[in-house]
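Chain naming here is simple, since letters A, B, ... match the order of the sequence lines and numbering starts at 1 in each. Excluded from the calculations below are hydrogen atoms, water molecules and symmetry mates; all remaining heavy atoms, backbone and side chain alike, are included. These numbers come from a predicted model, not from an experiment.
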Amino acid sequence: METCFDFSKCEKDFKVYVYPVQERVSESYSKILVSIQDSKYYTKNPEEACIFILSIDTLDRDVLSQNFAKDIQSKIDRLSLWNNGKNHLIFNLYSGTWPDYSPNLDFDIGEAMLAKSSISVHKFRPGFDISFPLIGKDHPHKGGERGHLYISMNNIPPLRYYLLAFKGKRYLTGIGSETRNSLYHIHNGEEIVLLTTCRHGKSWQKKARELNDTRCDVDNKEYDRYDYRKLLTNATFCLVPRGRRLGSFRFLESLQAGCIPFLLSNGWELPFSEVIDWTKVAVWGDERLLFQVPSIVRSLSHPEILVLRQQTQFLWEAYFSSMDKIVLTTLEILRDRVNRHFARNSVIWNTFPGGLSILPGYTAFHHTYPFFYQQDGTKPTNKFTAVIYATSPVLLSSAPLFRLIRTIAKSTNVHKILVVWHCDVAPPPAYQWPADLGVPILVKTKIIKSVNARFYLYSELEMDAVFNFDEDTLVTTDEIDFAFSVWQEFPDRIVGFAARSHFWDESKNMWSYTSKYTNEYSMILTGASVYHKYYHYLYTNSIFNSAIQVVEQTQNCEDILMNFLVSHVTKLPPIKVTHRKIYRESMQVSINRTTGMADAVKFRERQTCMSTFVNLFGHMPLIRSKARMDPLLFKDPVSNLRKKYRQIEVI
Amino acid sequence: MLKLKLRYTICIACLLLVSIIILLLPYLNSNEGKQEERRTLHAWQQTEGQQTIDLLAMRVNSTKRDTRCTYHTCFDVFNCGYNDRKTITVYIYPPTQYTDADGSSLTTPISQEFQEILETIADSPFYTDDPTRACLYVPAFDTLNQNTVRQDEIGQLYALLPWWNSGTNHLIFNMLPGSMPDYSTVLEVNTGKAVLAGGGFSTWSYRRTFDVSIPVYNPLLDYSVIRQKSYLEKRKWLLISAQTGLHKEYTDVMWEVARKETKFLIVDRCKEGSQRSISKRCGNDKQYNYPQILQDSTFCMVVRGARIGQTAFSDALMAGCIPVVVADGYVLPFSEVIDWKRAAVIIREDNLHTVMDVLKSFTMERIYDMRRQVLFLWENYFSSMRAITMTTLHILNDRVFPYSGRKYEDWNVIPNKLSVRNPLFLPLIPPSSQGFTAVILTYDRLESLFKVILQVAHVPSLAKVVVVWNNQVKQPPPMTAWPNIGKPLKVIKTHQNKLSNRFFPYHEIDTECILALDDDIVMLTSDELEFGYEVWREFPDRLVGFPSRVHLWDNSTTKWRYESEWTNAISMVLTGAAFYHKYFSYLYTYSMPGSLKQWVDDHVNCEDIAMNFLVANITGKSPMKVTPRKKFKCPECTNTEMLSADMGHMVERSECINYFTSKYHTMPLKSVEFRADPVLYKDDFPSVLKKYKNIGSL
């Protein structure tokens, strides 16, 4: 990396340039390019780029392949920015061809880095190349399928019907054929099912005869009895032997199926090995010790299997389930190299929610994120910072804003109150603000241009928790304190009072938003909610730049987007705590900002936001909950004096 | 620099001399018995001796180092699986000193450090004295310092080793590779396919998955002069450079930086003759003790010297000083298993001038964390030749047995009682189609049991009822006598009337979710149970129950107290009716610490508290109380536990908590102030629209 990479190009910012596309590229390569262009690292200006991506399709360099692009060398030679490949990243899925399947590309890559599948430990240049997963052309661009465990069982005993399974081709002869050819030795048709077929290529029968391979017919018969997909989801371990090349599609397919990969592919550098700790997911066998495979598989304990399987699902969904994720992982690895002092450590990459949700610009230090408290044996800070979003001029000392400030200040858990002043009129002078509250009040007036400002990561947010309020929130100190106490048990979620739901609108064939009271909810209005301050960073620097722009334009939907983001990361619903039915002054008396008409407009906007966000995220991340958290003695027929949060019931 | 080199060599030579004398001492004045003892201790030393050999005449061909080796291409695994313990076996050749025909020594006398390596191996569980059953072979030629090695001759001597086989599965240790003037980053001896445990590999010379990068141990330094310091202690300097003999290119840049910075101290070897000791450094017009001065700095420079691997790295670790490595391409020691991102800063040589800016961006919190990590790594993997050797062997062992090897956490995480590793870490919401299995423990209260079964049968998500028949005297009634509930019902007869039978992971339970139910709990409504199950689905790694309890610290007795009053906090739920994941039954049965299972069975009490401890301890989470329900029995009766007759019961329960806490060495229970109710519970809202209408009373 030090010798063939120009770090000076990356000093300002980590930007990725893609050469203008001039010729037809394969579907897979086109997805890669689009994913890069959609990412926040993309730049159109080669001057500010740190990494360069060719628009020439280099994915398939097997001359026998349909997608093989010709004259690649001369095309590359013509590139004016090529600079002998410096800071270029070349993607490749297949190299070489029959009979030797050379790992080298058929053109001069110069000093370029390779993001290559099936790369071997020997050829791989650590810290420079990237081992890339082998993916099919049907791999989804966005969203991606969920892991099988989400719809099946995570139980003990963790064994599925088959202990070990494999179904695939065997090659009779040539490179990589030995391992698969000998699999039948450990196949027992019961808990170990290893099926091979020689029925591929045009003249397989002739070839089998020539080689005196008498097993083909027996194998084929057995082979036809089983379904590949069913094997994957019904086996505890899936054998992933090398084929002609070291990697195979089945590796990712087993991951998704929650089938623990058992690797028999000596010297294969596993995908994203620079950051992914595969010892937590896969079991390594040795091609030379084929007969040890059954005993190794049986030696793993049930708790070990349970953990391995959950890890397959985490990795699949975090880094592999869509092209977007694969490409982003590639870019984030590069970014960690460039931005070395804030690189994510192995804990971050290998623990839920994973490296793509942990943006290192925040701290890169895992204690400071909301996901590791239990694991680290630490706790979030025991106070919160209040953020009030104010949009109306304050005329009287009895203004809702001032009342809210007094209520918040009574809390024993508040550290500071920050007023985000988004209003044409200047905020009242210092002497008019409530005084002697014992809590510092700060007013932010600069750089406040949109409602997004309520989610900025201000340096004054020193506490882990942020309690965000609309200026006209009607809330009691007890409600605030209770919500904060609940948040401490769920520091990775949004905890708040007013809940909303999403639902699938059959008539319109789209996701819709509802504010009706129902038995379930999937969103918490952030106008009165407490959550971890990291989400401010994630919101502002989120990968979904265009979503932020939607909020900017409408001055609406910021709460929906925040709920999308948090659920997208945690895969969990937010948490609603008990509160009065009316939580805003504007619901009692219609104050200037929202009249009935405007409300209707806002509501329609929110519907549009929903579908826009679903498209951007590639899926619907919201998840429903049926539970509301109440104080322990809530509405119980005991003396109110025994209750800690009394005000909650007084109203 | 040359002078230093010379000094270093002389010092080493002196040291070697001393160590040889020490080594030979027992032989000079020992009797037979002592020799016997020694032999039984170290079989590999039995044939220690001197040999004269004429390499020239023998025309031995040494085997050139194979730079393409990887684990799978050069390492022979067939000899490595001889035992079931999943440990490799290591054989040590008998140490022999070879002399040339003309009497000059071919091998280097064994240094104290190399002696320690050999003894560590011999004392380790990896050692074997049978070369035919060995996985790894260690030649007893000291090659730690290339400068003292006759390179060509050692290569030839290797080739003469009886099991050499081009070096396959041989392990060779080296700390100081290369020599003047260009200092190779790898031992310049023909080692063929041997695995090299080397200090100072660069990415170019290091054969990944094959070699082991080890630290350069500093034998001249007395580590005992360092006094232990808390990782929280303030340090005077932010950065110190205390290496000697650095190249001018680097020192110039550092001086340039230091001129603008007050927190950057540069010291070097002292100029005055008498103080040119290795334990002194001078700079800033002052004299400092080395390595003590490193303890006064947060970060320590480790810049590439003549060699890429520097003892300064180890010195820094020892002093709890976070190393700032400026040596492009250096393969950090044990980087195969150690996550250096958590304990070191790496700066590209081109960026040396930015070092202070980089370091200033580290928060104190992060510095404390890294410093703790540095001390942890030092203590476990670097502090002695023994530690270094064992780490090397463990790395090699894990390559052969990767599936049972140490994981990232085992290597890199400081054991912490407060931290938990939740075995159900994936945020799954189990599909509701699974339903739950009601597991009812019963003895002989048939009437109430049948009532309970009939009631639970109304819960829509019930998948199966499993009755655990704990009565050893009476047989359960025939299947025809049981209520017909339209769902599977299984009766399991136990072999012994034990409380723990209720928490056994019976294979008849094929849902993730278990509802543990007492045979006399008839109060719970169908809506309550169904809602309880829904809450469990959202929190599948918690105990979800109805009546709750809390533990309190009693200042007067300085003990924990069990509290059944209706309080504003809970830390336990009763398992008379509670939902939980089947995995916790597995853990309760097979891996509850402190033989608590037996204890509970013996005392016939507190199995529910034990379960609450178990879950809280392994997940770090509180249980979840659902609905206002506070009692299992009739609403007219007062809480049975509060009856004065049951005061003894309360005392016993408190004792359980204190006993469990002592067995866990910590109090795992967590208190929270909330319970889960249906979203519209007690809301002023038409009841027909509420999904869970019938949420019972207290």
Side-chain angles (χ1 to χ4, degrees), chain A residues 2 7 121-122 126 149-151 153-156 266-267 277 279-280 283-284 286 288-289 292 296 300 303 306-307 310 313-314 340-341 343 345-346 350 352 365 367 374-377 482 485-486 489 517 519-521 570-572 576 625-633 635-636 638 643-644, chain B residues 68 70 72-73 77 81 203 208-209 328-329 339 341-342 345-346 348 358 361 365-366 369 402-403 405 407-408 416 418-423 425-428 431 434 505 512 534-535 538 566 568-570 582-583 586 620 622 628 672-682 685 690-691 698:
Chain A
E2 282 85 5
F7 281 92
V121 169
H122 179 63
L149 201 56
Y150 287 88
I151 52 160
M153 239 194 253
N154 188 36
N155 213 355
I156 201 103
N266 287 2
D277 181 356
T279 60
K280 289 180 167 165
V283 183
W284 271 107
D286 192 317
R288 298 171 289 179
L289 301 170
Q292 284 192 1
I296 293 175
L300 289 154
L306 203 72
V307 167
Q310 289 177 73
Q313 303 295 288
F314 154 57
R340 178 176 244 169
H341 308 298
N345 66 31
S346 178
N350 293 288
F352 186 87
F365 175 52
H367 296 347
Q374 264 125 11
Q375 188 179 329
D376 292 343
F482 176 65
S485 131
V486 173
E489 184 65 15
Y517 290 116
N519 291 291
E520 296 181 332
Y521 61 93
T570 62
K571 305 198 191 304
L572 292 170
K576 172 182 165 62
S625 171
K626 294 191 171 84
R628 179 186 80 193
M629 300 305 163
D630 292 342
L632 272 168
L633 300 173
K635 301 231 168 155
D636 285 348
V638 297
K643 302 183 181 178
K644 181 169 175 189
Chain B
R68 294 173 47 97
T70 64
H72 285 110
T73 55
V77 287
T203 47
R208 223 158 41 93
T209 75
D328 290 356
D339 186 356
K341 280 179 191 158
R342 300 176 72 170
V345 182
I346 295 159
R348 280 185 300 115
V358 169
S361 72
E365 213 186 357
R366 189 170 172 200
D369 199 62
Y403 48 93
K407 299 266 192 288
Y408 175 88
N416 173 1
L418 296 171
S419 78
V420 294
R421 298 200 43 71
N422 188 349
F425 58 86
L426 201 66
L428 292 166
Q434 261 191 50
E512 283 173 70
E534 286 296 341
V535 171
E538 291 185 34
W566 301 348
N568 288 291
I570 66 137
K582 188 183 174 190
Y583 189 58
Y586 176 89
S622 72
V672 290
E673 301 182 327
F674 57 84
R675 69 171 195 237
D677 287 330
V679 175
L680 299 173
Y681 173 71
K682 293 263 173 178
F685 202 70
K690 293 187 184 178
K691 189 162 182 195
L698 304 186

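In this structure, Y408(B) OH and N350(A) CG are separated by 8.5 Å, a value rounded to the nearest 0.5 Å. Between the CD atom in Q375(A) and the CZ atom in R421(B) there is a gap of 5.5 Å [rounded to 0.5 Å].
Considering only heavy atoms from C-beta on, V679(B) comes within 4.5 Å of K576(A) through its side chain. Within the 4.5 Å cutoff, the side chain of R348(B) has heavy atoms near those of the D328(B) side chain. A 4.5 Å side-chain heavy-atom check between S622(B) and E489(A) finds at least one atom pair inside the cut-off. Counting heavy atoms from C-beta outward, K690(B) and P678(B) have side chains that stay 4.5 Å or more apart.
With a threshold of 4.5 angstrom between heavy atoms, S361(B) approaches chain A through its backbone and through its side chain. Only the backbone of I151(A) comes within contact range of chain B, judged by heavy atoms closer than 4.5 Å. Contacts of V535(B) with chain A are made by side-chain atoms alone, with heavy-atom separations under 4.5 Å and no backbone atom involved. In this structure, chain A has a heavy atom under 4.5 Å from the side chain of P402(B), while its backbone stays farther away. Proximity to chain B is limited to the side chain of F352(A), based on heavy atoms less than 4.5 angstrom apart. Contacts between V420(B) and chain A at a heavy-atom distance below 4.5 Å involve backbone atoms as well as side-chain atoms. Proximity to chain A is limited to the side chain of N416(B), based on heavy atoms less than 4.5 angstrom apart. Contact of E534(B) with chain A is made through the side chain alone, with heavy-atom distances under 4.5 Å. Interface residue E673(B): backbone and side-chain heavy atoms are both found under 4.5 Å from chain A. F365(A) touches chain B through its side chain: at least one heavy atom from C-beta onward sits under 4.5 Å away, while N, CA, C and O do not. Heavy-atom distances place the side chain of R340(A), and not its backbone, under 4.5 Å from chain B. The contact between L149(A) and chain B is made by backbone and side chain atoms together, counting heavy-atom distances below 4.5 Å. With a threshold of 4.5 angstrom between heavy atoms, R366(B) approaches chain A through its backbone and through its side chain. With a threshold of 4.5 angstrom between heavy atoms, R68(B) approaches chain A through its backbone and through its side chain. Contact of N154(A) with chain B is made through backbone and side chain together, with heavy-atom distances under 4.5 Å.
Ranking G405(B), G329(B), P431(B) against chain A, the residue ahead of the rest is P431(B), based on heavy-atom pairs under 4.5 Å. The candidate from V638(A), L300(A), T279(A), D630(A) with the greatest count of non-hydrogen atom pairs under 4.5 Å with chain B is D630(A). Counting heavy-atom pairs closer than 4.5 Å to chain A, the top-ranked of the candidates V672(B), V77(B), T203(B), I570(B) is V77(B). No other option in Y150(A), W284(A), Y521(A), F482(A) has as many heavy-atom pairs under 4.5 Å with chain B as Y150(A). Taking chain A as the reference chain and counting heavy-atom pairs below 4.5 Å, the highest number among K407(B), K691(B), E538(B), E365(B) is found for E538(B). Contact tally against chain B (heavy-atom pairs below 4.5 Å) for A343(A), S485(A), S346(A): the top residue is S346(A). Chosen from H122(A), R288(A), K635(A), K643(A), the residue pairing most often with chain B at heavy-atom distances under 4.5 Å is R288(A). Of all the listed residues (Q310(A), K571(A), M153(A)), the one sharing the greatest number of non-hydrogen pairs under 4.5 Å with chain B is Q310(A). Residue with the most contacts toward chain A among T209(B), I346(B), N422(B): I346(B) (heavy-atom pairs, distance under 4.5 Å). Taking chain B as the reference chain and counting heavy-atom pairs below 4.5 Å, the highest number among V486(A), L633(A), N519(A) is found for N519(A). Interface check for chain A: of the options F425(B), Y586(B), Y681(B), the most heavy-atom pairs under 4.5 Å are formed by F425(B).
Shortest non-hydrogen contact noted between R675(B) and L632(A) is NH1-O, 2.5 Å. Smallest separation of non-hydrogen atoms from H72(B) and G267(A): ND1-N, 3.0 Å.
Salt bridge E520(A)/K626(A): present, at least one basic N to carboxylate O contact under 4.0 Å.
The closest donor-acceptor contact from the side chain of R628(A) to the backbone of D677(B) lies at 3.5 Å or more, if one exists at all.
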